[in-house]
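A note on names: the letters A, B, ... follow the listed sequences, proteins ahead of strands, and every chain is numbered from 1. This one's a predicted model, so the numbers in the text were calculated from it and none came from an experiment.
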Amino acid sequence: AQDKIKIGVSIPAATHGFMGGLNWHAAEAEKRLEAANPNIDLIIVTADGPADQASDLEDLVSVHQIDALVVLPFESEPLTEPVRAVKQTGAFITVVDRGLTDPSIQDVYVSGNNTEMGVNSAEYMMTRLGDGDNIVILRGIPTVLDTERFDAFMATIEGSGINVLDNKFANWNRDDGFEVMQDFLARFPDIDGVWAQDDDITLGVVEAIKQAGRESEMFVVGGAGMKEIIKGVMDGDALVPVDVLYPPAQIATAMDVTVNHFVSNGPVTGSYILGSPLITKENAAQFYFPDSPF
Amino acid sequence: MSVSAHEAAKPGKGFRLDLKTAGPLLALILLVVLGYSLNPAFLNEGNVTNILTRSAFIGIIAVGATFVITAGGIDLSVGSMAAFIAGVMIIIMNWAVGAMGASIWTVLLGVGCSLILGIGAGFINGFLTTKAKIEAFIVTLGTMGIYRSLVTYFADGGTLSLNNGAREIYRPVYYDSFLRIPYPVWVFITVAIIGWVLMNRTAFGRYCMAIGSNEQVARYSAIKVDRVRTATYILQGLCVSLATIIYVPRLGSASSATGVLWELEAIAAVIIGGTMLKGGFGRIGGTVIGALILTSIGNILNLTEIISNYLNGAVQGVIIVAAVYLQRGSLSARRKKAE
Amino acid sequence: MSVSAHEAAKPGKGFRLDLKTAGPLLALILLVVLGYSLNPAFLNEGNVTNILTRSAFIGIIAVGATFVITAGGIDLSVGSMAAFIAGVMIIIMNWAVGAMGASIWTVLLGVGCSLILGIGAGFINGFLTTKAKIEAFIVTLGTMGIYRSLVTYFADGGTLSLNNGAREIYRPVYYDSFLRIPYPVWVFITVAIIGWVLMNRTAFGRYCMAIGSNEQVARYSAIKVDRVRTATYILQGLCVSLATIIYVPRLGSASSATGVLWELEAIAAVIIGGTMLKGGFGRIGGTVIGALILTSIGNILNLTEIISNYLNGAVQGVIIVAAVYLQRGSLSARRKKAE
Amino acid sequence: MSERADLAVPPILSAHRISKSFGDIPVLFSIDFDIRPGEVHAIIGENGAGKSTLIKILSGLEQPTSGTITYQDKTVVLPPNGEAAALGIVVIHQELLLAEHLTVADSIFLGRELKSGFFLRLGEMRDQARAILDTLHVRIDPEARINTLSVADKQMVEIAKAISQDAKVIIMDEPTAVLSVAETTTFFEQIKRLTAQGVAIVFISHKLDEIMELADRVTVLRDGQLIATLGTENLTPDSIAQMMVGRELSNLYPPKHEPDVDAEIMLSVRDLAAPGISGISFDLRRGEILGFAGLIGSGRTAVAEAIVGLTRKSGGSITLRGNAVEFTDVSQSVAAGLAYMTKDRKGRGLLLNVGLQPNLTLMTLRKHLRRGFLDGKSEEQALERAVRRFDIRARDPSVPVGKLSGGNQQKLMLGKTMESEPDIVIMDEPTRGIDVGTKQQIYHIIAALAAEGKAIIVISSEMQEVIGLSHKVLVMRNGRLAGQLEGAEIVEAEIMRYAAGIKQGGNDERISA
Ligand SMILES: Nc1ncnc2c1ncn2[C@@H]1O[C@H](COP(=O)(O)OP(=O)(O)OP(=O)(O)O)[C@@H](O)[C@H]1O
Ligand SMILES: Nc1ncnc2c1ncn2[C@@H]1O[C@H](COP(=O)(O)OP(=O)(O)OP(=O)(O)O)[C@@H](O)[C@H]1O
Ligand SMILES: [Mg+2]
Ligand SMILES: [Mg+2]
């Protein structure tokens, strides 16, 4: 076992839908890659917060003596130094999704793009709505990536005349999405669109709208690419006509690339931006993974 | 010596006791006034129904928690227990649909399993606390982690979703009403009434208070302390199960995010309602009001824009502390006047 | 009449007490054996150092919590208090760097502010509990929400990061060692020793136990109950502040995710260590071991791949319950034998 | 008492026209009281007369509603919360006031720890504690935790705490209520040593012989009124009792009706062994009152607790009316008609924070169920009955039991035990802290119960009580039966001999020293 190449994978724990999907893809990729490459050992560790993740990185180095690290940082800034410390042991570093403050640490960057996600969502809104139309926004948990999405969205609709009635946190959680939307519906008689930013929230929002019987008044734009939502988009659901991809499978891409660094001859560096394309009825089929839990 | 020196009961005594229960009510009323003044939509029938329905979850669980806390225990596992029960219910119902198609029996099977799981989970907590003599805090911290993990594991990190056919049949349990009051609220009302009767009109309630107030005295008074204590945890499990039964038809899913922090909310509802964390003293009525207060705070924050979103938690904290201060304060002021 | 029929002090008394402190230690030793058997790297110097350094945060906070709990209180706000103090420290240090450049003084200013904030936050908790007579659970639930919100607000929903210049100066506080033992571990050792002395060798410790055991007795013994109780919260605040001072150089940032659930871990460490949640009886030594146990569990889970990541929480829960059962169990077995 | 304090000495502490009300309920009416250095001044009165309230006022724990207090020739407002101890006024509380988790030494020095700088001088406190306990002839480990001590030992710790302080006035509220003769004797030696040093002692007791032995003056309270303050030389126990109760008290103990020799054996214990006791065998017949005597810690309580299933017995057998029984829970023994009344009313007997009614019916709630629900009316009736039968006096019946006078708490506990209508009752210190008048009533109740055909065990440290009530007396020593006395043998000297180990003998057991 000593001569195996060890690759540490450090990701946040599966506390909500998107991270759950990410965890699933990581576990699937581990199985697949370890089966295909007997000399590779992937070690997945999950963290409940930035400090916890920093501890995980220490353990990967001190206990497992990893040769490479795939990391999806909980937060960019606090994890920059701990990842740098791993780098200093000579490990190959692949950063996923949330970039470090010092990009020179990473050998490879695989990313969704929070800003693009906000922009694409806003641009779709602008195709459907115009001056004087009202929307409400349900945000995630107050963290960096939520703020990035939100700021990009707001910057994009700036000047379009679309009126943002209010935004509230729904914690990337169906129940909170349901309750916040109920309250928005009680509060605002005229809502034309909802940006729910995340598919878990979207599911709660949809139930609240159905409960109020106001399906025909508005539409909802979510995000991530949950299979139920994509199925709906494929089937032409009017209430949730599109989705914006934020693929949990990006972790698998990152693991693939990192393993490639060890098994292929060619150099592996640079950035792999997966982007956040708009999923519509037309292209939905290519994003549909019925076996994924997400 | 035959004359007994009894004097007449103090006047105003009953009144004072009433005030003690009235404390949380007062806080709730002030909150309602605040809500209405911030946004008159607060008192729309729809919004009021929403608040009531939402408080049903926490409220039902908190009724159970009132017994546990009154008997001197604590249960931190309720939130993850709810997630776990919801998850298993969904798995079983989905399996049943696969095996024999969706019907009312599928739902009844799910409900039955939920009740068994709730009672079982409560029993485990009770058993570990009373027989293995491990502190309730540790036991339920442990089971909290275990249930949360299990549901994550069953859901493969994702979400367990109820089969659509079963969902259609089950859906009305959450969304439909009787006499314009949604079913969850009926369940809440029923649980609260039964809880109140249990606490105040049966030997069991009296035993809970006795055990929470002095376990030794209870033991010397021929009370089966371990059995009563275990029963409080089972009751808690049953309440969690009931809450889950009305929760699942709402979104038809369960995940690792289901029921997070419900334990804290439930305990907070209990204590806002005037029950003492140290045990010995339980108020079901107060608990119900406590649950309404907590839900209303969240609702009010969603109905107004004047507060930065980031500060929601702070406002919540301030209101909770203020609400409790208010009832204690108004109380001691009255008491002083009475003396 | 001069003969008194008292029996001699029961033999084995002192021994039994020793065992009581030995309980958590036994659990820790078993955990170490488990860790080593899963992966011999567990006992590498580097890994041991990591565990010790990590337990410093929770350990230092838990030492403070031991006093609060011993005196019959509870503090749920420590985690968000840590996040808040870290946030404000960073803001102030960044401002200081802007105003007068990065120097050792910047860091000292931050440290000073941290201490003041910790003491102040502790005082607020203490004041609200003792003077406003609001239950500690509610007060600290409230301040928990408030601090967490404030740090989110200050960070505008993102992360507050320490200026790089200041960070370079401050960094060694976490990363450097003295006699091969990292500074945070030294701080932890110092806090633990001071805590132990305070608890066992000063009147203050006695007062905490007396208050937690029977407030009226304490009052009738001319102990200033409110003052002592407030002091325990201040001590807790101070401990949080110390933990924050060694935390900030680790990641150089603070956000709404900082210190989440530390309160639960701290209380768990205290109770695993043998202190009673109801108060009256505190063991600093046990608390230190409790913190080490908790940190080791997390580390052990990273040592092996045999358990699905989804089940981490379950394994954690099982180990905590088992560890506590073990110490209680081994204890009562011995006791039986002694009789 | 040989030397009487000099009456010419001015009082060190005096109260003038003290009145006290709790809420609108008056408890004391214009009381005058004083105490001189070197004097023992006894306060006597029925339960609830206001004795404890008066001494709380004298020690600053309560403030008077009106009236003044003069201490060392100055009119003072005594500081609250036991801070008066620093001024030299120390109290031994009627209700044991000790923190259960502290050690004996910690408790003795609580609030006035010996320190050098910040640090406690633990060794010194321990040694001093041991020395004080030694002067009281009690062997309690200074490092033992309070919750491991028996009630009597706790009382001795309270006493040790009080006499170890550099006090000018020591106020003792029923310090001997749970002590047996031996402890009382050594305790009185200490009181005499203290008075010789000029310490003023205020002494409350319901044991009139103690008053006669110890006191220089006696103040009598009745229903919160001052009846008289008299020198002891002018008094007899009978006259004191008469002043207290307001009527003539004759024959404290009812006549004994020996049970038939062939009366049914209700309870039979053979070779019982449990923590702290072994080799206990005895029979209890229908209509019999069996006394258990012995020194503190001799194991009488342990026997009772093992019989009713509060502690696991490790050997022996218990037979109830011919049926072997094995109780693991009090509910089982209560259901079988066997009830035990604890001597620890505060820690094990009563819920102090609730009212009379829930306490009274706690053990027998099943009797008050109607269709499964509690029947408040039936509970009220039970309370009314118990109040009448045991003369429980609560000026405010809704007051938490913890605020009742000590004696009335005891009566309530008696009522609670009898609520279960047991065939066999074990009463542990049944008249602890009860005034003579009520004591007489209770003795008559016990005798009447026996005459009715109940079987009764009385565990008591009050020798006279055991002698006056019992048909048969078992004396315990070191966890074993030391001797058995019947009929005319039941005299104080004989009991003492067994209890102290001077004379030995048991049923079939020989005591190994
Ligand atoms: N804090 C209080 N609140 C209300 N009533 C009280 C309080 N303390 C005492 N009482 C009442 O005052 C009366 C006198 O009580 P006190 O304890 O002084 O009696 P006592 O003479 O010491 O009786 P005993 O011999 O039984 O100890 C009782 O009726 C008691 O219920
Ligand atoms: N060796 C022991 N181990 C454990 N518990 C004990 C032991 N000895 C006594 N006890 C418990 O201590 C308490 C005091 O009991 P004990 O029988 O020694 O007192 P007692 O003789 O009744 O004294 P008193 O004269 O005060 O009534 C009881 O609860 C008893 O069960
Ligand atoms: Mg692997
Ligand atoms: Mg009294």
Side-chain angles (χ1 to χ4, degrees), chain A residues 11 13-28 46 136-139 142 146-147 150 164-189 199-200 203-204 206-208 210-212 226-228 248 291-294, chain B residues 38-51 53-54 57 83 148-149 151-161 164 167 171 174-176 182 247 249-262 295 298-313:
Chain A
I11 52 180
T15 48
H16 59 269
F18 172 74
M19 281 305 165
L22 192 101
N23 270 265
W24 183 82
H25 281 288
E28 291 294 305
T46 59
V136 290
I137 301 176
L138 293 92
R139 303 175 60 175
D146 174 79
T147 310
F150 180 74
V164 177
L165 292 169
D166 197 3
N167 69 83
K168 293 283 176 202
F169 286 104
N171 306 319
W172 288 317
N173 179 313
R174 296 180 187 195
D175 292 307
D176 291 346
F178 180 76
E179 292 182 3
V180 171
M181 194 61 206
Q182 272 191 332
D183 292 342
F184 278 152
L185 290 165
R187 189 172 148 200
F188 303 115
D199 291 340
D200 264 313
L203 285 174
V206 166
E207 288 299 334
K210 283 186 185 158
Q211 185 194 26
M226 184 190 290
K227 63 179 178 193
E228 286 90 347
D291 293 336
S292 161
F294 183 70
Chain B
L38 284 174
N39 191 337
F42 181 76
L43 284 183
N44 284 357
E45 189 188 336
N47 195 51
V48 171
T49 312
N50 282 347
I51 292 179
T53 318
R54 274 178 222 169
F57 305 132
R148 174 85 43 220
S149 275
V151 74
T152 315
Y153 182 72
F154 291 153
D156 242 345
T159 305
L160 289 161
S161 293
N164 265 330
R167 185 138 189 246
R171 214 172 171 278
Y174 182 84
Y175 288 98
D176 279 10
Y247 168 81
R250 172 157 126 178
L251 299 178
S253 67
S255 72
S256 59
T258 303
V260 170
L261 291 188
W262 280 9
T295 319
N299 180 260
I300 289 173
L301 286 171
N302 280 342
L303 289 185
T304 161
E305 246 185 311
I306 48 174
I307 295 152
S308 158
N309 269 325
Y310 297 138
L311 290 179
N312 272 2

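Only the side chain of B/Asn44 comes within contact range of chain A, judged by heavy atoms closer than 4.5 Å. Only the side chain of A/Thr147 has a heavy atom closer than 4.5 Å to any heavy atom of chain B. Proximity to chain A (any heavy atom under 4.5 Å) is shown, for B/Ser255, by neither the backbone nor the side chain. Looking at A/Asn173, the atoms closer than 4.5 Å to chain B (heavy atoms on both sides) all sit in the side chain, from C-beta outward. Of the two parts of B/Ser253, the backbone and the side chain both hold a non-hydrogen atom closer than 4.5 Å to a non-hydrogen atom of chain A. Only the backbone of B/Leu301 has a heavy atom closer than 4.5 Å to any heavy atom of chain A. With a 4.5 angstrom heavy-atom cutoff, B/Asn299 touches chain A via backbone and side-chain atoms both.
Remark: the backbone N or O of B/Phe42 is paired with a side-chain donor or acceptor of B/Asn47 at under 3.5 angstrom. Side-chain N or O atoms of B/Arg171 include none that pairs as donor or acceptor with a backbone N or O of B/Asp176 at under 3.5 Å.
For A/Glu179, the side chain to side chain donor-acceptor pair (under 3.5 Å) partners at least two apart in sequence or on another chain are B/Arg250. Evaluation of the side-chain contact (heavy atoms from CB on, under 4.5 Å) rule for B/Tyr153 yields C/Ser308, C/Tyr310, C/Leu311 as partners, not counting sequence neighbours.
Using cut-offs of 30° and 60° for the angle between ring planes, the B/Tyr174 and B/Phe57 rings count as parallel.
Contact count against chain B (heavy-atom pairs under 4.5 Å) is highest for A/Asp175 among A/Leu185, A/Asn171, A/Asn23, A/Asp175. Of all the listed residues (B/Thr258, B/Asn312, B/Thr304, B/Val260), the one sharing the greatest number of non-hydrogen pairs under 4.5 Å with chain A is B/Thr304.
Paired with A/Trp172 under the rule side-chain contact (heavy atoms from CB on, under 4.5 Å), one option of A/Leu138, A/Asp146, A/Asp200, A/Asp199 passes, and it is A/Asp146.
Side-chain atoms of A/Leu165 and A/Phe184, non-hydrogen and from C-beta on, never get closer than 4.5 Å to each other.
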